[in-house]
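Below is one structure, written out as structure tokens; the observations come after it.
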Amino acid sequence: MDMDLPQTDSTTDAQLMRRLAHGDMRALGTLVDRHQQSIHAIAYRMTGREDLADDLTQDTFIRLYRSAGHYRPAAAFRTFLYRIVVNLCIDASRRPRLAELSEEIPAAADESLDPLMRQERQRAIQRAMAELPERQRIAIILHRFERMTHEQIAQSTGWSRSAVESLLTRAYEQLRQKLAEWAGT
Amino acid sequence: MCIDDTILIRLLNGELDEPQRRQVLLHLEACANCAGKWEQLRSTWDLLGQFEAPPGADLKQRILAEARRTSGSRRWLPIAASILIAAGAGVVAGILVPPAQTKAAAGQVTDQQVVDALGLENLVADQTPFLELFPSDAADQPQEDRS
């Protein structure tokens with residue numbers, strides 16, 4: 001499965017990486033335009049903090065820039081990019097923890113609850129995610145929110161497919177238990 | 001025989017091909033146990049969909065500025081390293097060069113003598129683009145399955 005995102009112009013991510021390897025900053029700009037939001041979302045869901053997510057997003061693209069000379073198109077670009085952000089998130093989680101989740105809760109997509117309940121639900125989900133073991137959290141973020149397949153998650157993380165299967169099974173079960181009171185809302 | 005949770009999770013994410021999907025759905029119609037598991041998984045899946053991530057500030061200019069700053073300082077590193085090594089080598093060359101040459105060459109040690117004395121021909125002739133002098137961590141590269 002080709003993991004490069006649909007192109008808005010004819011330049012693929014792999015071609016942009018080749019240009020970036022030769023110092024073309026416009027190529028970096030285009031890659032940021034295309035992937036910044038998803039990288040930021042991964043970092044936010046991993047850390048629960050918008051300020052950390054901003055820093056991790058920047059770090060991801062700087063590391064991407066530094067790695068451009070080593071990128072080989074045989075590796076799907078999204079796998080390569082997500083491997084960087086996942087590693088950075090894991091490193092960040094091991095530093096002395098600035099532990100509080102953000103107090104700011106982004107607006108939820110669903111309009112069916114009143115705003116206060118929506119906020120509570122968002123907080124509950126955020127807390128449940130934060131309580132997951134790190135690898136389960138990563139697996140869930142890549143599977144549920146980035147819609148990666150088990151194989152793609154395995155490639156992005158370096159874990160075996162059976163490890164990914166096991167992590168997702170346990171993570172979904174844990175989340176089901178923690179969020180039981182919100183089921184169906 | 002009931003369906004493994006992994007199959008149901010794949011079904012949720014659209015990872016099954018059409019024949020597999022039909023087979024699983026047929027089973028769910030016939031098996032109350034699996035149907036119950038499926039409903040719970042789907043409910044959790046839908047709930048997680050309410051976990052929004054903020055759009056985040058536009059970091060593009062910040063990222064480009066940092067990349068330019070990084071490339072600027074890094075471009076000078078190998079050049080600065082060469083100058084320092086060559087300067088230090090000048091002192092050493094003054095000791096290693098035979099006396100006859102030293103008398104004539106106080107302050108006149110040539111670059112080539114420095115290069116030859118310390119075997120620096122590879123360094124000063126190095127035209128490697130600066131990016132390749134600072135490879136990324138191995139962890140950033142897609143790797144073989146480590147399980």
Side-chain angles (χ1 to χ4, degrees), chain A residues 21 23 25 28-29 32-33 36-37 40-41 44-45 50 53-54 57-58 61-63 65-70 75 79-80 83-84 87 104 106-110 118 121-122 125-126 129 140 143-145 147 149-150 154-155 158-160 162-163 165 168-169 172 175-176 179 182-185, chain B residues 4-10 12-16 37-72 74-75 128-147:
Chain A
M25 285 299 186
L28 180 60
V32 171
D33 286 338
Q36 172 181 208
Q37 199 164 347
H40 190 270
Y44 177 79
R45 290 185 172 115
E50 202 167 342
D54 287 351
T57 300
Q58 176 175 315
F61 284 102
I62 296 303
R63 193 169 279 208
Y65 169 56
R66 292 174 59 189
S67 305
H70 300 275
T79 305
F80 185 73
R83 172 71 77 103
I84 296 174
N87 282 337
E104 298 233 2
D110 165 33
R118 285 208 304 273
R121 182 178 59 189
Q122 178 87 351
I125 298 171
Q126 196 170 14
M129 290 284 294
I140 282 283
H143 189 255
R144 175 62 183 92
F145 300 103
R147 306 299 298 272
T149 66
H150 287 59
Q155 287 168 17
W159 303 330
S160 69
S162 59
E165 287 173 1
L168 285 174
T169 301
Y172 278 113
L175 289 169
R176 183 193 69 75
L179 296 171
W182 292 99
T185 60
Chain B
D4 190 80
D5 285 0
T6 296
I7 302 295
L8 294 178
I9 290 169
R10 286 180 186 269
L12 269 174
N13 198 27
E15 294 178 48
L16 300 182
K37 275 200 300 184
W38 168 246
E39 278 312 310
Q40 287 178 344
L41 260 174
R42 211 165 66 158
S43 178
T44 304
W45 176 272
D46 289 344
L47 194 52
L48 288 173
Q50 303 306 318
F51 183 19
E52 287 295 307
D58 185 355
L59 300 171
K60 181 175 172 178
Q61 294 312 316
R62 183 173 140 179
I63 290 166
L64 290 175
E66 177 63 15
R68 287 190 189 101
R69 192 191 67 77
T70 305
S71 73
R74 287 177 59 207
R75 196 183 297 277
T128 307
F130 70 93
L131 280 172
E132 292 181 31
L133 293 173
F134 298 90
S136 62
D137 295 341
D140 286 351
Q141 301 299 313
Q143 293 184 16
E144 299 302 321
D145 189 330
R146 288 180 276 196
S147 64

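Residue numbering restarts at 1 for every chain, and letters A, B, ... go by the order of the sequence lines. Every value quoted in this text rests on a predicted model; they were computed, and no experiment measured them.
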Region of Gln36(A) in contact with chain B, defined by heavy-atom distances below 4.5 Å: side chain

Against chain B, label His40(A) side chain, backbone, both or neither, depending on which of its atoms sit under 4.5 Å from a heavy atom there. side chain

Can you tell me how far apart CD (Glu66(B)) and CD (Gln58(A)) are? Round to the nearest 0.5 Å. 5.5 Å

Greatest number of heavy atom pairs closer than 4.5 Å to chain A - which of Leu41(B), Ile9(B), Asp5(B):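 When all of Leu41(B), Ile9(B), Asp5(B) are compared, Ile9(B) has the most.
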
If you count heavy-atom pairs under 4.5 Å between each of Leu64(B), Leu59(B), Asp58(B), Thr44(B) and chain A, which one has the most? Leu59(B)

Find the one option among Leu179(A), Thr57(A), Val32(A), Asp54(A) whose heavy-atom pairs under 4.5 Å with chain B are most numerous.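 So the answer, after comparing Leu179(A), Thr57(A), Val32(A), Asp54(A), is Asp54(A).
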
List in chain and number order the residues that pass salt bridge (charged side-chain N to carboxylate O under 4.0 Å, His left out) with Arg10(B), two or more places apart in sequence or in another chain; answer none if no residue qualifies. Glu151(A), Glu165(A), Glu15(B)

Polar contact flag, side-chain donor to acceptor under 3.5 angstrom, Tyr44(A)-Gln126(A):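 The criterion, which ignores hydrogens and geometry beyond distance, is satisfied for Gln126(A) and Tyr44(A).
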
Can you find a pair of side-chain heavy atoms, one from Tyr65(A) and one from Met25(A), that are under 4.5 Å apart? yes

Which bit of Leu12(B) is near chain A, if near means a heavy-atom gap under 4.5 Å: side chain, backbone, both or neither?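 The answer is the backbone of Leu12(B).
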
For His150(A) and His143(A), take the angle between the two ring planes, folded into 0 to 90°, and tell me which bin it lands in: parallel under 30, tilted 30 to 60, perpendicular over 60. perpendicular

